[in-house]
2 protein chains.
Amino acid sequence: MLCVSNGKAPTSHDVARLAGVSQSTVSLVFRGAASGRVGERTQRAVLDAARRLGFRPNADARRLRVGGPRMVLIAVPDIVNPFFARVFTGARAAAREAGYQVVLSVQRDLDSVAADVAGQQIDAVLACSLQDGGRPLEEPVPAVVLDAEPPQGQGSVRFDIAPALTELVDLLYRLGHRSIAHLRSEVRTATFRERTEAVDAACAQRGMRRVHAASALDLDGAREAAGALLSSADSGGRPSFTAVVCDDDVLSVGVYKAAQARGLSVPHDLSVTGIDNVDLATAVTPELTTVDLPGEELGATGMRRLIARLEPRGGAPAEAAPDPGRQDGESADGAGGADSGVGVRLPARLVIRGSTAPPADPAPRR
Amino acid sequence: MLCVSNGKAPTSHDVARLAGVSQSTVSLVFRGAASGRVGERTQRAVLDAARRLGFRPNADARRLRVGGPRMVLIAVPDIVNPFFARVFTGARAAAREAGYQVVLSVQRDLDSVAADVAGQQIDAVLACSLQDGGRPLEEPVPAVVLDAEPPQGQGSVRFDIAPALTELVDLLYRLGHRSIAHLRSEVRTATFRERTEAVDAACAQRGMRRVHAASALDLDGAREAAGALLSSADSGGRPSFTAVVCDDDVLSVGVYKAAQARGLSVPHDLSVTGIDNVDLATAVTPELTTVDLPGEELGATGMRRLIARLEPRGGAPAEAAPDPGRQDGESADGAGGADSGVGVRLPARLVIRGSTAPPADPAPRR
DNA sequence: GTGAAAGCGCTAACAT
DNA sequence: ATGTTAGCGCTTTCAC
């Protein structure tokens, strides 16, 4: 390719000059609007010149002119985590369906997300599972948060996890468990606080004993935490509890591992449960009783709500107030335009599998 | 917020008018270049007017003027698959380190990727695991492909998987296995063809018998395929092989499940191996002997090579040929500028865990 | 300290 | 069938 190498990328003007045509002809050819308007020979000449220069139309200039499709940014803390990947997938599908472009931002703190928003032409933000305590996003960008406390009047979609967790504790109770452990996540977000509250409440209501431990959300951390938990024995070298309720499927697998290392069998010696229902849950033996969290649906629902806010009414409101100098006074309240029902909850569903069973007899086994 | 609602987004001009200043002052304020140049009062007035109008600077216009940071697009077929997520993560990290922005494209076919490339201002493409047979990307965008046949002179980074697989088969051989099954992926990409070739060659070399089956890359498909494989029994209701080599960890879990359903114990009755070394591999019992595929490293290496091609030399070549009319003649060869060593291979490593053991005695167990 | 003016590369009327 | 022209919204000298 003919490398101009004067440091700047070739423009349609350069192509026009090389091809011996005007710049607008180049534009016509590259937009595909050339059929019937530009001659065969000319088109070929343009394409040829473009190839030789390595010309690529400047997308920024094009968008500045025509106004590109709307873009929404989806922020998740960790795309390797299958749960977030599913949320992203669901949100992305809903966005595309509505004709929106999607950009992904993998970022833990809100400030970095804000930077990404400023750097690109973002029309709205869908933020998943952000740490508590962040301010909303000082920019006036419509946003909805997923799986987190709604920062202001921002709109949120979360799981309604308490009923399923109550049901889960009740299942354990009916199986005969009277003392359980709760392996919690160290992460301090709203959803995990809610899980703790739900488990605590359900136990209290049934008069069940309950001990705690917290762990990082990975296999190694979970194994370690679970090991410590199981070692806190009191009755003849066996733990004081007969079931472990975990905040996440990964934690449950850690418990499996720790139990196994101690010669405890799941579910015979120890019942275990998780939350999430990822692939792991059916890969392990016995398969894990868990609470299904439909991630795709969370993402899709959030995205639909966000888009609904972006497109105020059914049609385009033909009313125009061409006087831009008018005042409105009140700007303190509802900067984002609070719509009805800020804060939707999606049902979580208990999935019963083989990891829960009646507790073993006091007689030591093995 | 004072909603102008004439259909168009407010511009810096609108803000200027409302604030009673000139447009360039608004620009100064919004770039933060205002300190010492614009008065306190004026700044406040500008910010205020902006807030009331809901003004957000147009990123496209800004980039058109200033020339934004370079962007590279990373294309993967499925972001929920943890392997691709890891590749993306590695590539993204390498890109950011070099000051590049990253956009993700989750797309199976190359044409959709091309559309994404055209829609945004993309300077380069990193494409992972694309289906065979696609043309390179007709646009003159520098690209490198990951885990796939390099389409042209495009540059590629792949795993060198054959040595580890040979080592794996050899391990099985030394443990006493003489007849194995190979559970392959249905997906017909270069990497899976190579896996088959490596396994076949290693078996042939050692005079081991080998049967085949193919499966979709998910748990259900794998369970089914593995079930069929195990049912193809010949000697007293037991399969004719004593080990199953799988193209992917997920397939291995399917074999675990199918074996379990038939009362076969892993590794006692059946040795099983995988490829990938995802979380699943250590979650199952016994832990899976597998071939580790460092996804992050694949992504990072590919991205570094791509960026190296984007930045030709150490410094900026001050030489300028201001005559744009000059010809160069040859454009047929090396359109992308083939650099040394198109086609890097990253080592894959055998990880031995508990799922491989000597085959059981002919005497039926259980 | 603030404003006027010249583009960035492209598109879309409107001429020719 | 092709060329001319006027911007899109912003940044950035250079005057005042």
CA sep, side-chain torsions, deciding dist, call: A:R62, A:R31, side-chain contact (heavy atoms from CB on, under 4.5 Å): CA-CA 10 Å; A:R62 164 171 238 287; A:R31 282 155 42 212; 3.9 Å; yes
Gap between atoms CZ and C1', on B:R31 and D:dC10 respectively (whole Å): 9 Å
Sidechain-backbone polar pair: B:R92 side chain, A:V106 backbone, donor-acceptor under 3.5 Å: yes
Check: A:Q107 side chain, A:A75 main-chain N or O, donor-acceptor pair, under 3.5 Å: no
Closest to the A:A61 side chain, choosing from C:dG9, D:dT4, D:dC10: C:dG9
Set of salt bridge (Lys or Arg N to Asp or Glu O under 4.0 Å) partners for A:D60, sequence neighbours left out: A:R63, B:R63
Residue whose closest nucleotide on DNA chain C lies nearer the 5' end, B:R37 versus B:R65: B:R37
Touch class at under 4.0 angstrom, heavy-atom based, for B:R63 against every strand present: nothing
5' precedence on DNA chain C between B:L28 and A:F30 (nearest-nucleotide basis): B:L28
Closest nucleotide among D:dT2, C:dT11, C:dG9 to the A:L64 side chain: C:dG9
Between C1' of D:dC8 and CG of A:N58, the distance in whole Å: 13 Å
Shortest side-chain distance from B:V21, nucleotide among D:dC10, D:dT4, C:dG3: C:dG3
Sugar-phosphate, base or nothing in reach of A:G36, heavy atoms under 4.0 Å: sugar-phosphate
Minimum-distance nucleotide to B:V66 side chain [options: D:dT11, C:dC10, D:dC10]: D:dT11
Which nucleotide in D:dG9, D:dC10, C:dT2 has an atom nearest any side-chain atom of B:K8: D:dG9
Inter-residue atom distance A:F88.CZ - A:L126.CG, 0.5 Å rounding: 10.5 Å
A:Q23, nearest nucleotide to its side chain (from D:dG9, D:dT2, C:dC10): C:dC10
Rounded distance in Å - CG (B:D14) to P (D:dG9): 9 Å
Whole-Å distance separating the CD atom of B:Q120 from the C1' atom of C:dC10: 18 Å
Sugar-phosphate only, base, or nothing, as touched by B:S12 at under 4.0 Å among non-hydrogen atoms: sugar-phosphate
Sidechain-backbone polar pair: B:D123 side chain, B:M71 backbone, donor-acceptor under 3.5 Å: yes
From CA spacing to verdict: side-chain contact (heavy atoms from CB on, under 4.5 Å), B:I79, A:T89: CA-CA 8 Å; B:I79 196 63; A:T89 301; 3.9 Å; yes
Selection from D:dT11, C:dT11, C:dA4 that lies nearest to any side-chain heavy atom of B:R62: D:dT11
Contact under 4.0 Å: B:T25 side-chain N or O vs C:dG3 OP1/OP2: yes
hbond_proxy A:S24 side chain to D:dG3 base (donor-acceptor, 3.5 Å cutoff): yes
Test item: side-chain donor near acceptor, B:S12 and B:Q23, under 3.5 Å: yes
Divergence of helical axes at both termini of the helix from C:dG1-D:dC16 to C:dT16-D:dA1 - five pairs an end, 10° steps: 40°
B:S22 side chain near C:dA4 phosphate (N/O to OP1/OP2, under 4.0 Å): no
